[in-house]
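All remarks here apply to the structure that follows.
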Amino acid sequence: EKTQSFIKFNSQEKWKEGFLKKTLENVYRGLKPNKFLAFNIQEVKSYSMFSYDTIQITKDIGFKYVDKFFYKLSSSQGNPKSEPIFIFKK
């Protein structure tokens with residue numbers, strides 16, 4: 001789809017700075033003090049440092065890391081998978 005961020009920002013560095021960082025800065029501005037940001041960071045094969053970069057940018061903006069827990073996903077083969085949910089506080 002033409003509106004996908006990875007099309008507009010066609011390299012990892014451009015996407016990280018132009019989309020991810022800007023989005024997290026907007027979240028920080030809009031979130032009231034002492035409130036929480038919780039989000040899922042799913043690893044991406046084409047971007048091996050995705051979770052690390054996301055966490056680092058979030059901290060650099062001013063959020064404080066609080067916790068991480070795992071959201072269990074359903075599995076049709078009986079082998080349950082999970083994805084991390086990261087919690088930050090403004």
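Given the structure is predicted, the values throughout are model-derived calculations rather than measurements.
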With side-chain contact (heavy atoms from CB on, under 4.5 Å) as the criterion, how do Lys64 and Phe88 come out once you've worked through the C-alpha distance, each side chain's angles and the decisive distance to 0.1 Å? CA-CA 5 Å; Lys64 304 291 186 256; Phe88 293 87; over 6 Å; no

Is it true that Phe69 and Phe39 fall in one hydrophobic cluster, defined by side-chain heavy atoms closer than 4.5 Å?
no

Sorted by chain and residue number, the side-chain contact (heavy atoms from CB on, under 4.5 Å) partners of Phe70 (sequence neighbours excluded) come out as Lys68, Ser82, Pro84

Sorted by chain and number, sequence neighbours left out, side chain to side chain donor-acceptor pair (under 3.5 Å) with Thr3 holds for Glu1

Those residues at least two apart in sequence (or on a different chain) that pass side chain to side chain donor-acceptor pair (under 3.5 Å) with Ser48 are none

Sorted by chain and residue number, the ring-ring contact (aromatic ring centres under 6.0 Å, His included) partners of Tyr47 (sequence neighbours excluded) come out as Phe50

Per side-chain contact (heavy atoms from CB on, under 4.5 Å), Ile41 is matched among Asp53, Ile55, Ile85 by Ile55

Side-chain donor-acceptor pairs of residues 17-27 under 3.5 Å, sequence neighbours excluded:
from, atom 1, to, atom 2, distance (Å)
Thr23, OG1, Phe19, O, 2.7
Asn26, OD1, Arg29, NH2, 2.2
Asn26, ND2, Lys22, O, 3.4

So CG of Asn40 and CZ of Phe86: to nearest 0.5 Å the spacing works out to 8.5 Å

Do Phe63 and Lys89 have side chains that approach each other closer than 4.5 Å (heavy atoms only, starting at C-beta)? no

Residue set satisfying side chain to side chain donor-acceptor pair (under 3.5 Å) with Asn34, at least two apart, ordered chain then number -> none

Taken in chain and number order and not counting sequence neighbours, the residues that satisfy ring-ring contact (aromatic ring centres under 6.0 Å, His included) with Phe36 are none

Between Ile61 and Met49, is there shared hydrophobic-cluster membership here, with clusters defined by ILVMFWY side-chain heavy atoms closer than 4.5 Å? yes

With sequence neighbours left out, the residues meeting side chain to side chain donor-acceptor pair (under 3.5 Å) with Gln56 are Asp60

Common cluster, Ile87/Tyr28, ILVMFWY with side-chain heavy-atom separation under 4.5 Å | no

Hits for side-chain contact (heavy atoms from CB on, under 4.5 Å) against Ser46, two or more places apart or cross-chain, chain-then-number order -> Val44

Taken in chain and number order and not counting sequence neighbours, the residues that satisfy side-chain contact (heavy atoms from CB on, under 4.5 Å) with Lys35 are Leu31, Lys32

